[in-house]
Amino acid sequence: MKTLIAYSTLTGNTKKVCEAAAKAFENVEVLEVNEVKNLDYDLIIVGTWIDKGTADTKAKKFIESLSNQKTAFIFTLGAYPDSKHAQDCIEAITKLFEQNNNKVLGHYHCQGAIDPKLIQMMKTKFSPDHPHGPNPERIKRWEDASKHPDELDLQNAYNYFKELKIDY
Ligand SMILES: Cc1cc2nc3c(=O)[nH]c(=O)nc-3n(C[C@H](O)[C@H](O)[C@H](O)COP(=O)(O)O)c2cc1C
């Protein structure tokens with residue numbers, strides 16, 4: 001029963017969550033998507049950060065290279081985990097897997113700190129009424145995101161995969 005956790009990360013959030021999830025498995029390899037050499041695993045979990053409402057380009061390419069696999073996914077995002085945006089991400093990523101006949105057994109996500117350079121850009125480039133501009137609600141969300149993933153997110157990732165029923 002071999003599990004692969006293949007992740008893509010820009011600033012380390014997704015890697016952290018994937019490493020926490022990995023502790024739930026006995027025989028597991030955790031690799032960046034571009035380090036994956038073969039797909040000879042019983043379960044393949046893909047970790048991705050959210051870029052424009054779906055998996056980032058590297059993770060997306062990797063997901064598209066999978067077919068007829070048992071899979072699951074992990075993502076981190078700047079939006080709140082219980083938002084409609086997070087739900088839309090789940091749907092978009094599930095579709096990516098399912099279009100090549102992969103079976104999605106589960107998924108886990110949590111908020112992840114947004115790259116301060118991106119926040120700076122949004123603060124300087126956009127006015128508060130722009131869809132990505134610095135209005136009070138958005139500034140609060142950026143600040144909330146900056147504290148994640150926290151210890152509870154990592155514990156929850158571990159618990160989620162420990163309890164996931166996988167019929168190998
Ligand atoms: C270029 C860029 C685009 C992003 N797009 C979204 C997005 O559409 N929705 C969202 O909720 N978060 C978005 N984020 C936030 C990241 O998904 C989030 O901070 C994530 O935790 C980063 O993970 P990483 O540290 O593994 O790279 C974006 C971040 C960047 C840098």
Side-chain angles (χ1 to χ4, degrees), residues 3-22 24 33 43-115 118-119 121-122 126 128-167:
T3 299
L4 169 67
I5 304 184
Y7 65 86
S8 168
T9 191
L10 267 190
T11 58
N13 300 331
T14 310
K15 180 181 184 192
K16 260 191 218 163
V17 181
C18 286
E19 284 173 345
V33 285
L43 173 67
I44 297 179
I45 302 173
V46 181
T48 179
W49 58 279
I50 295 298
D51 184 4
K52 294 179 218 75
T54 188
D56 75 274
T57 308
K58 279 190 193 169
K60 199 170 173 182
K61 261 200 189 143
F62 180 71
I63 296 167
E64 286 168 350
S65 76
L66 304 176
S67 60
N68 302 303
Q69 298 278 1
K70 282 187 181 153
T71 63
F73 61 89
I74 291 171
F75 65 90
T76 67
L77 78 171
Y80 289 118
D82 58 354
S83 60
K84 162 129 188 359
H85 184 64
Q87 199 55 42
D88 290 346
C89 293
I90 293 172
E91 282 170 28
I93 299 170
T94 301
K95 261 192 200 149
L96 292 175
F97 281 98
E98 289 183 344
Q99 70 194 4
N100 286 329
N101 216 27
N102 298 294
K103 192 166 174 207
V104 178
L105 302 182
H107 49 82
Y108 175 82
H109 69 278
C110 65
Q111 217 174 5
I114 301 164
D115 188 342
L118 180 64
I119 293 183
M121 186 279 280
M122 294 189 286
F126 302 135
D129 55 358
H130 181 279
H132 296 297
N135 68 16
E137 196 187 319
R138 213 162 282 120
I139 290 170
K140 165 89 169 67
R141 179 162 54 72
W142 295 339
E143 281 170 7
D144 288 343
S146 75
K147 301 176 191 115
H148 293 271
D150 61 15
E151 280 310 312
L152 185 61
D153 297 324
L154 302 182
Q155 185 64 45
N156 285 341
Y158 169 83
N159 291 344
Y160 178 82
F161 285 98
K162 198 76 191 162
E163 284 161 25
L164 186 67
K165 298 277 170 277
I166 304 158
D167 54 335

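Here the structure is a predicted model, which means the values were calculated and not measured. Residue numbers start at 1 and run along the sequence shown.
- To the nearest 0.5 Å, atoms CZ (Phe73) and CG (Asn102) are separated by 11.5 Å.
- Contacts classified as salt bridge (charged side-chain N to carboxylate O under 4.0 Å, His left out) and involving residues 71-98 (residues at least two apart or in different chains) are given here: Lys84-Asp88.
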For residues 11-20, please give each side-chain donor-acceptor pair under 3.5 Å, one per line with the distance, not counting sequence neighbours.
from  : atom 1 : to     : atom 2 : distance (Å)
Asn13 : ND2    : Ala113 : O      : 2.9
Thr14 : OG1    : Thr76  : OG1    : 3.0

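- The aromatic rings of Phe126 and His130 lie parallel to each other, with less than 30° between the two planes, well short of the 60° mark.
- In summary, the side chains of Asn159 and Gln155 do present a donor paired with an acceptor at a separation below 3.5 Å, with no hydrogens or angles considered.
- Atom OG1 of Thr71 sits about 7.5 Å away from atom CG of Leu43, to the nearest 0.5 Å.
- We find the CZ-CD distance between Phe97 and Gln99 to be 10.5 Å, quoted to the nearest 0.5 Å.
- Residue Gly78 comes nearest to Ala145 through the heavy atom pair O-CB, 3.8 Å, listed as atom of the first residue, atom of the second, then distance.
- Counting all heavy atoms, side chain and backbone alike, Leu96 lies closest to Ala55 at CD1-CB, 4.1 Å.
- The side-chain contact (heavy atoms from CB on, under 4.5 Å) with Thr48 is formed by just one residue from the set Ile74, Thr9, Val33, Ile93; it is Ile93.
- Here the shortest heavy-atom pairing between Leu154 and Pro149 reads CD2-CB, 4.1 Å.
- The minimum heavy-atom distance linking Tyr80 with Arg141 is given by the pair OH-CA, 3.4 Å.
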- Message: As a quick check of understanding, evaluate side chain to side chain contact (heavy atoms under 4.5 Å, CB included) for Thr3 and Phe161, giving each step before the final call.
- Response: CA-CA 11 Å; Thr3 299; Phe161 285 98; over 6 Å; no

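- Here the CZ atom belonging to Phe75 is positioned 12.5 Å from the CG atom belonging to Asp56, to the nearest 0.5 angstrom.
- Every residue two or more places apart in sequence or in another chain that forms a side chain to side chain contact (heavy atoms under 4.5 Å, CB included) with His85 is listed here: Ile50, Leu77, Ala79, Ser83, Cys89.
- Side-chain contact check for His109 versus Ile90: some heavy-atom pair is nearer than 4.5 Å.
- Heavy-atom minimum distance, Pro134 versus Ile139: O-CD1, 3.4 Å.
- Atom SG of Cys110 sits about 9.5 Å away from atom CG of Leu152, to the nearest 0.5 Å.
- Taken to the nearest 0.5 Å, the CD1 atom of Ile44 stands 5.5 Å off from the CG atom of Leu4.
- By the salt bridge (Lys or Arg N to Asp or Glu O under 4.0 Å) test, Lys52 pairs with no residue at all, sequence neighbours left out.
- Counting only residues at least two apart or in different chains, ring-ring contact (aromatic ring centres under 6.0 Å, His included) contacts with residues 136-159 are absent.
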Can you give the donor-acceptor pairs under 3.5 Å from side chains of residues 58-68 to other protein atoms, not counting sequence neighbours?
from  : atom 1 : to     : atom 2 : distance (Å)
Ser65 : OG     : Phe62  : O      : 2.6
Asn68 : OD1    : Asn101 : ND2    : 2.8

